[in-house]
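Okay, so here's the structure we're looking at.
For clarity, every value in this text was computed on a predicted model and none was experimentally measured. Side chains are part of it too, since the values below use all heavy atoms of this structure and drop only hydrogens, waters and symmetry mates.
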Amino acid sequence: MNQAAFDHYEFSINGTGQFGPDGPWQPAVLMLGYHHRQTMTEPWDGGEVVPMWPTGSIITQLFTPAAGGLYNKSENATQPWIEFGNGGENDMQLADFPLMHKSEGQGIHDFVTIMNSRFESPGYANINATIYAMNVSQVHLRDGKGTYVPNVGNLALGRPEDIDIGGSRWQGVSILEQMKSQGHIKTNSFGLHLGSVPLDQKGSLILGGYDEARVVGPVAAFEMVLGHPILFLNNVALGVETGAHHFTAEPAPIWQGDAVDAVAVQLGGRQGNIILNPNPAVPGIYLPAPTCENAAKYLPVKYDNNTGYYLWDTSEPHYEPLINSAAYLAFTFADHQARNVTIKIPMKLLNLTLDKPITQAPTPYFPCHDVERVDGYWELGRAFLQGAFFGVNFDRNFTYLAQAPGPAMRQSIVRPYDSQGSPMISLPEEAFVDSWLASWPSAVATEPPQKSLSGGAIAGVVIGMIAGLGLIGGALFFFWRRRRDEKERRDQEPDSKSDSDVKEMGSETGVQEAADTPVLELESPVKVPVSEAPTSPGVYEMGTPLAFGSEAPTSPGVYEMPAEPLGFRDEKGGSR
C-alpha cells in the first residue's frame, strides 16, 4: 500500500490502568529502536515497548536503566549535543514542570518506532527522534518529604522553536514533521482524548486527525504563540447537568477573577483572564488561588497537609450521591473570536486515587491544586483531559478544545484535519448527556414531575365522555317518546269531560299542555381522529506488539499503538 495515501495515524491508548500513583491513567505506547517488520502478520521481533505521555514538548523524554527505565542508545544514536539537568529542575515547556521533576541526562538523536496494528503495510513508522535520555529522574512529592521514580516518559509532539536551548542551537526534526514528510499523515497535527480507566473508556491519540466521536458541541479555536497553545480561561464554576446537586451547600461563585493576568492581557486576552496549557504530562488541574480552595467549600473533601492533596471524605453523607450525580466542574474559555465555550468535567472523573508512595493505601482524592505562577501560565493535566478533547494543528497554527463525551460513546469516526482550515466536525451538544446518563444513577429530578395523563388514560377519558353523552341522549329520547305516546293515546279516547273542564293551549283557566319539543342529539366535544401508524421509517494507529487483538481496518492505512504493551514496568517495579 502506498504510504502517501494515508491521511492520519492513530495511537491506541494503553488501557491496563497500571499507571499512577495519582490516577489510574492510560498512556500511549512506543517501541524503542529501529524495526523493519512490514505487517502485523509477521512474527514479533521483541522490541522494547515503553509507556509515554503524549505532550506538546519538543523533546521526547526516555529513562535509561540508570533511571529505572529501558532505553539504551542504539547503534544509530548520535553523540550527545547537550547536557540537561545537572541537578536543576527539568522545566521544558509543556513537559512536566509542575511536577518538581529533578533530572539529569543528555540530548541525543535516536530511532523510535510507531507500530501499525491493523494488518496493513507498512507495519512500522521509524522516527529519528530528539531524545532527552535521563540518567537521573526523581519526582518530589508535594509535601517535600519524599521522592519517587516515574515510569512513564514523554512523547514530544511539539513543533521545534527557533531558539537556543541551554546555549546550544536546536537540532532535529519533530515527530509530526517526519511523519508528514514520510507520507504517513497529511497535516502536522494531532487530536487527543485521554478517556477514563475506572469507567473503561479507552483513550484516543491521532496524528494528523481526530475522532469525531470524541468532539461534542462547539469547538473553541485558539491561536498559538511560538508553537505553544495559548488558551484564555475566564471562569471556573460548580454546576449540575440534571437532577439534585448533592453539594454540601448551594455553590457560590468560586472564580475570583483577579488572578495574575498580565501575560493574558499582553497576548490579547481580557482583564481577569488567565492563560492555560493543556498538558498530558502532568496529572492534576493547576489553577490560581483560591479557586480550588473555594470549590472545596462545597465538596465533601478535606485538605491533607501530609500529602498536599484534597482527599475525598468517603464517610460524609454527600460523597456517594455527589460522585454518582450529574455534578461537574466547568471551565469557560474565550476563543480567538471572543466566543465563550464551556467544558464540563463530571465529578465522577475527579474521583481519582492516590497510591504508594504518596499514600500507603489507595486513597480517593480531588485533583485540583492552587498554585502560584510567576510566569502567568497555568496547566490542565490528565484529570481535565479525561473529559475534554484537545487538538493541535501546527500547519494552521491553531489549538482546539471541546467537550468530550462520557463512557457511553457513539461509534468512532476518524477524520483528518482539513488543510484548508474547514471547521472540525463535532457531535450535537445533547450527545454529552446521552453519553453520561447511565453513569449518573443519582441524577434524579429536583422537583416532582408534573402529573400528566398517558395516552391510554386520555383515550379512556374520551371514550367515557362519548359513552356518557350517549346515555344522556338515550334518556332524553326515551322520555320524549313516552310523552308523545301518552298524548296520542289521550287523543284517541272519547271525550268524557265537558269542553269547559279542559282547555287547549291559550285557555285562561284550563291546564296548558306542553308543546312537543324535539330532542337533538348532542355532538361529542372531543373529536378523536383515527391515526394510522407510519409506513416509512490514510489512517495510522499505534499497534500492539502482539499479532492478535487488533481491530479490523475500517479504512486504508490505519495505524494503532499497542493496547497491551510488553516489556515495560508497572507501578510496583515489576516488568510486563
Side-chain angles (χ1 to χ4, degrees), residues 1-13 28 30 54-58 60 94 112 114 116 118 120 122 125-130 155-162 172-193 203-215 219-231 278 280 335-336 385 388-402 404 412-426 538-542 553-561:
M1 184 176 294
N2 186 356
Q3 293 185 21
F6 298 146
D7 290 327
H8 45 272
Y9 190 118
E10 184 173 348
F11 289 61
S12 178
I13 303 296
L30 185 71
T55 76
S57 179
I58 56 178
T60 293
L94 293 181
V112 295
I114 299 172
N116 181 358
R118 289 189 176 247
E120 296 155 342
N126 295 290
I127 302 298
N128 188 19
T130 301
L155 178 67
L157 299 178
R159 177 179 68 83
E161 298 171 297
D162 188 18
V173 180
S174 76
I175 289 176
L176 293 179
E177 288 175 349
Q178 291 184 62
M179 295 287 290
K180 183 178 178 180
S181 65
Q182 293 177 19
H184 297 306
I185 59 178
K186 289 187 176 179
T187 58
N188 192 350
S189 60
F190 67 86
L192 171 69
H193 171 221
S204 171
L205 171 62
I206 300 171
L207 306 187
Y210 63 96
D211 185 349
E212 177 186 325
R214 310 279 180 156
V215 187
V219 180
F222 308 87
E223 293 183 348
M224 304 180 74
V225 177
L226 294 176
H228 296 309
I230 302 296
L231 279 58
D335 72 358
H336 76 296
L385 294 171
F389 168 83
F390 167 43
V392 173
N393 187 342
F394 292 109
D395 290 344
R396 302 286 301 171
N397 204 39
F398 272 107
T399 298
Y400 304 100
L401 207 63
S412 175
I413 302 175
V414 178
R415 297 187 181 277
Y417 285 101
D418 189 284
S419 58
Q420 303 303 316
S422 298
M424 294 176 60
I425 300 175
S426 65
V539 181
Y540 269 62
E541 292 190 27
M542 289 192 90
T554 57
S555 62
V558 180
Y559 266 59
E560 185 168 351
M561 251 186 129

Audit row: Leu401, Phe390, side chain to side chain contact (heavy atoms under 4.5 Å, CB included) steps and yes/no
CA-CA 5 Å; Leu401 207 63; Phe390 167 43; 4.2 Å; yes
On a heavy-atom basis, the closest approach of Tyr417 and Gly391 is OH-CA, 3.4 Å
Taking all non-hydrogen atoms of both residues, which atom of Asp335 and which atom of Ala221 are closest, and how far apart?
CB-O, 3.1 Å
Looking at residues at least two apart in the chain, or sitting in another chain, which of them share a side-chain contact (heavy atoms from CB on, under 4.5 Å) with Glu223?
His336, Phe398
Could you tell me which residues satisfy ring pair (Phe, Tyr, Trp, His ring centres under 6.0 Å) with Phe222, sequence neighbours excluded, listed by chain and number?
none
If every non-hydrogen atom of Ile425 is compared with every non-hydrogen atom of Val215, which pair is closest and at what distance?
O-CB, 4.2 Å
Among all residues two or more places apart in sequence or in another chain, which pass the side-chain contact (heavy atoms from CB on, under 4.5 Å) test with Asn397?
Met224
Is there a donor-acceptor pair under 3.5 Å between the side chain of Gln182 and the backbone N or O of Asn126?
yes
Considering residues at least two apart in sequence or located in another chain, which fulfil the side chain to side chain donor-acceptor pair (under 3.5 Å) criterion with Thr399?
none
Mind checking what makes side chain to side chain donor-acceptor pair (under 3.5 Å) contact with Asn128, not counting sequence neighbours?
none
Would a distance-only check, ignoring hydrogens and angles, find a side-chain to backbone donor-acceptor pair under 3.5 Å from Ser57 to Ala156?
no
Shortest non-hydrogen contact between Gly158 and Phe394, atoms and distance
CA-CZ, 3.8 Å
Whether the side chain of Asp395 engages the backbone of Asn188 through a donor-acceptor N/O pair (distance < 3.5 Å, no angle test) should be reported.
yes
Indicate yes or no: at least one non-hydrogen side-chain atom of Lys186 is less than 4.5 angstrom from one of Pro416.
no
Minimal heavy-atom distance between Ile114 and Ile127, with the atoms involved, is CD1-CG1, 4.2 Å
First locate atom CD1 of Ile206, then atom CD1 of Ile185, and finally report the distance between them rounded to the nearest 0.5 Å.
12.0 Å
Answer yes or no: is there a donor N or O on one side and an acceptor on the other, between the side chain of Tyr400 and the main chain of Phe389, under 3.5 Å?
no
Tell me the closest heavy-atom pair linking Asp211 and Ile413, and the distance in Å.
OD1-N, 3.1 Å
Once rounded to the nearest 0.5 Å, what's the spacing between atom CD1 of Ile175 and atom OG1 of Thr60?
4.0 Å
Atom pair CG/CG of Leu157 and Leu192 - distance to nearest 0.5 Å:
9.0 Å
Those residues that, when tested against Glu212, pass side chain to side chain donor-acceptor pair (under 3.5 Å) (two or more places apart):
Arg415
